[in-house]
Amino acid sequence: MISLVLAMLRTRRGQAITLVLLAMLAVGATVAVPAYLAAVDLAVARGEVAAAGPDERAITVTSEADVRGTAYSIDFDSVAGALLDQPGFAHVYGVQFPVVGLEPGGDGGSHVVFRQDACAHLEMVTGRCLLGAGEILLGEQTAERLRLAAGARVVVAYARIESSLSGMAKFVAAGPPNEVVVAGVYRPVAPQEQYWGGHGYFAADALGRRAEPVFTNAATIERLQPDHATVSLDATADPAVFDAIGPLRDRLTQLQQRAKSVGGDYQVSTQMPGLIDRVEQSRDLARRSVPAGAVPLLLLAYLAVYLAVDYGAEGRRPELAVVALRGTRWWLRLLLAIGESVAAILAGAVAGLIAGRLAVAALIGWRMPGVAFAAFDVLDGLGLAALTALGAIAVAVTAQRRHLAGPVVDLLRRVRIRTRLGWRSAVVVAVLAAGALVQLFTSHGRLEGVGLLAPALCIAALAVACARLLAPAARALGRWALRRGRLGLALAALQAGRRPAAQRMLLLLITATAVLGYAVSATDVAAQDRDLAARIGTGAPRVLAVGPVTRQQLLHAVRQADPSGRWAMAAARLPAGAPGEPAKLAVDTARLPAVVPWLPQYGAVDPARLPALLHPPARDPVVMDGRMVRFDVDVTSTGKEPVRVKAVLVSTTGRGSAVSDLGTVNDGPYTLEHTDDVCTDGCRLAALRLSSDRIGGAAIDATITLRGLSAPSADLTDADHWRATGGTLTATGAGLRFAVRGVLTDGAWFQPADAPYPLPAVSTVPLPAQVAGVDGRPTDVRPAGRAVALPRVGSFGALVDLEYADRVSADGGAATSPEVWLNTAAPPDALARLAKQGLIVTGDRDIASVRTRLDGEGPALALWFHLLTGALAVLLAAGGITMIAAVDRASRAADASVLRAQGLTRASLRRAALWTYPALVLASGVLGLLAALAVWRLTGWSLPIFGAATNLPALPLPNWPVTLALPLTWLASMLLLTFVAARSTERVS
């Protein structure tokens, strides 16, 4: 039996090779899915880890411990080390406690920090790093403020925080005084780097002043003898740890449980679960998308196998008839019938197991360099390859069923049994496609269950419908050609309408072309989406995230670094407001036209008009001269509750902001004075705040008249030049009268009207009358224009002017997410110029880097597999053409002989041959392209484009292929298939 099967394979080796290749493609496509997904899992994890924040890769154990007499707490070190005894983690130990003696006034405290290997992460501005006992390092701004330089000696003491009788916290010395030496003045190399963890050593206060801890060494801690300090142990995970997400999550859970069981004051904190969630979500999206591309190829491969076996059996009908006439037993007939196909399929399965992994290895090496993949570890896909091969064998048996079960007389006939795709099969496929579409829409685009088959079934339904219409359309074309004397075209059309081979070839070609077109459409649209997301989501060609800074400092620094306004622009977020409120961005709008490339997707708003819309002329601010600020007020109060007055002052030269406590007032005239270094070069009055000292507020009934202040330009005779919140404002001959009545829970505010109010805003959606301003307080806004989308905030956001937004605020505080946007004209030393103005760059990204990150997410990597399946589909179609033409050649040659004997010219036969298969290829190419676009329109929206946790705004994303990718790949596939069809067409003599 085996020798007989081998002889059959040798005799019909062309058909056997075709079947081997078809089985190889089917098995290779199936095996490639898990192999490619495994590589995507690794690539996604590494991409997310590379973009993660410091606290997302670290686990921190903290405790309050007595560290007197030792460089570290033995107890804490042993317990925390046992808790964090995790492979793949690097540990950093730290101690933090307060001291007094550095800050003037006696009760001001400073935070001392010991951290292992800190010197490697600090840049010495002056002096040197720590060497011996009794040495400290001061931050650059702290040293300037305290007027201390390297080599200076100060006396400090360990301190505790205690509450005074007034309820105010203060630092009190709790340890012996020690003289320490300022060894050097530092600047952090990268405040946001992984080494610092999530401790916020350099975080900003409410006024934008960056914290600068005092660094010291273990020997100095022994001298200071703190009996109560915050000790910490940070464990930072190596990126390779995240390759196995499941075990890592289990280890984190076990760590939390161990920390609870240990007892004591041990706090375990980490943001790692959020990073793990992002990795898993991105992987999940890829796991849905990749099978959606593999399913159509697998169905197409089974269809090709069916056709190959069916047409192969058609050529062997005389053999099967002879075997049946000799009375051979049914099981022997079955083995003889399917043995040749089974052998070819098994050989193709072995080849496909290797070829599939090699193809994946090539794709991974191209799109995911650095991701290890064992191409020849075929045992990973052995089970799936066996299942696919069994499926192909089942298809092969089904294809030969009618040849085995049919009567001998039918097997002896030369004319092929005419079996066409009926309307019943078309209806069945259409119903299945409709059900899959319903599942897809009701699940809101989740590619799972039957919905996963929606693209494949829709393509199949359209292909079956077109193939079913071939026969009547071809017969109609043949009759039309005959009436006009075009014999070649008529003969080709009538043969196509009569032969089932043409119908099945059309089905195969339409499906293959549609699979490729769908894959290219998905890749094209996704590439457009990612490019637009990178451009809008970034906002400018290059964006620098800067360290904590006030809004005025940000504006002043950028304007000083780029006086011409040609290449840099300050930008900051506005805090989130009420639910449903759009995202809001504040920018220095005078520079926006020069810095931000304006995309067509933004709509009809002219960027050159934005400065006039968002920054119209306004009154000059009220500027206080000199460090001493003065307010002359008359107070009339009918209640017993005094009113506390505070002034919010903002430096005009980038020194920062200050809230000056001017004291409490009751009845009588007052001259309120305060000295603040912020006003050394002049400061702007942002607001006067009137409040009660009682917690929760108290009922106040007072009238305060502002008679004068140390600002020569202030106009106290016109109430329109001022704004009031929480009270009423009128102008009198004596000055401005501010009446406050009621319970002041948040205080009353009295501000210069030095900015347009309501604040003008350009938005993509209608805005409420009030939104959260830069200080978090409700701010009135008015529409100044409407756009389709806006930089950074996308299609659901608003844009305001940063300077005016700061002026209408009442705190003069820190900018939210401060940034500096640069265009392509930025000089090479742009960062140095900004650093000279006091800005510390903590992040640097551009459109290309954002696009690279989006390209490395799971959904983007999955689409490359779709392209691979599309290319394999075309190869399947080429093999199908070869196989069908080979089996059909004998009958077509016989037909040609009869027609020649009846007088048909050789030229007419040649034209008929030319019109048959190549014409079918071109017709199926057009129909397949239309089917691909139709299915893309129906189901393409469900393919994920971005990772689930990607921080992108709502975007006006394209949803239609527009580049040359689709027509070029279609043309290339048509050239290949037409060439194969032309070579497969018999020559008529």
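What you see is a predicted model; the values in this text were computed from it and never measured.
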Problem - L440 to G451 - nearest heavy-atom pair and separation - result: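 Here L440 and G451 meet closest at CD1-O, 3.9 Å.
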Residues pairing under salt bridge (charged side-chain N to carboxylate O under 4.0 Å, His left out) where one sits in residues 534-544, two or more places apart or in two chains, turn out to be D531-R535, R542-D844
Check: Just by modelled atom types, is the S809 backbone N or O under 3.5 Å from a matching donor or acceptor in the W749 side chain?
Finding: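 Checking the backbone N and O of S809 against the side chain of W749, no donor-acceptor pair under 3.5 Å is found.
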Which residues pass the side-chain hydrogen bond (donor to acceptor under 3.5 Å, both in side chains) test with [X], sequence neighbours left out?
X	answer
R566	S564
S849	D846
T779	none
E803	R559, R807

Assess whether a salt bridge exists between [X] and [Y], defined as any Lys/Arg side-chain N lying under 4.0 Å from an Asp/Glu carboxylate O.
X	Y	value
D718	R619	no
R283	E48	no
R367	D855	no

- [ ] Using only heavy-atom distances, determine whether the side chains of D524 and Q528 contain a donor-acceptor pair under 3.5 Å.
- [x] yes
For the side-chain hydrogen bond (donor to acceptor under 3.5 Å, both in side chains) test, which of Q194, R278, Q271 pairs with E56?
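That would be R278.
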Going from [atom1] on [X] to [atom2] on [Y], what distance comes out if it is rounded to the nearest 0.5 angstrom?
X	Y	atom1	atom2	value
R851	L854	CZ	CG	7.5 Å
L933	S521	CG	OG	5.0 Å
R530	I945	CZ	CD1	7.0 Å
S651	Q552	OG	CD	5.5 Å
L555	M569	CG	CE	10.5 Å
M272	I245	CE	CD1	9.5 Å

**OP:** State yes or no: are the ring centers of W196 and F202 separated by less than 6.0 Å?
**Re:** yes
Student check: side-chain heavy atoms of [X] and [Y] closer than 4.5 Å:
X	Y	value
V648	Q751	no
V774	V800	no
P944	S289	yes

- Angle class for the F738/F750 ring planes (parallel below 30°, perpendicular above 60°, tilted otherwise)?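 Taking F750 first and then F738, their aromatic rings lie parallel (interplane angle under 30°).
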So the side-chain hydrogen bond (donor to acceptor under 3.5 Å, both in side chains) pairs with at least one residue in residues 753-765 (sequence neighbours excluded) are none
request  = Test Y518 against T939 for side chain to side chain donor-acceptor pair (under 3.5 Å), laying out the working first.
outcome  = CA-CA 10 Å; Y518 188 89; T939 66; 2.8 Å; yes
Please say whether more than 12 non-hydrogen atoms of neighbouring residues, nucleotides or ligands are located less than 6.0 Å from CZ in R782.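 Yes, the 6.0 Å shell around CZ holds more than 12 heavy atoms from other groups.
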Please report the C-alpha distance between I840 and V549 in whole Å, then the side-chain angles of each, then the deciding distance to 0.1 Å, and finally whether the side chain to side chain contact (heavy atoms under 4.5 Å, CB included) criterion is met. CA-CA 9 Å; I840 297 177; V549 66; over 6 Å; no
Using the salt bridge (Lys or Arg N to Asp or Glu O under 4.0 Å) definition, which of the options R551, K646, R689 pairs with D811?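 Looking at R551, K646, R689, the match for D811 under the salt bridge (Lys or Arg N to Asp or Glu O under 4.0 Å) is R551.
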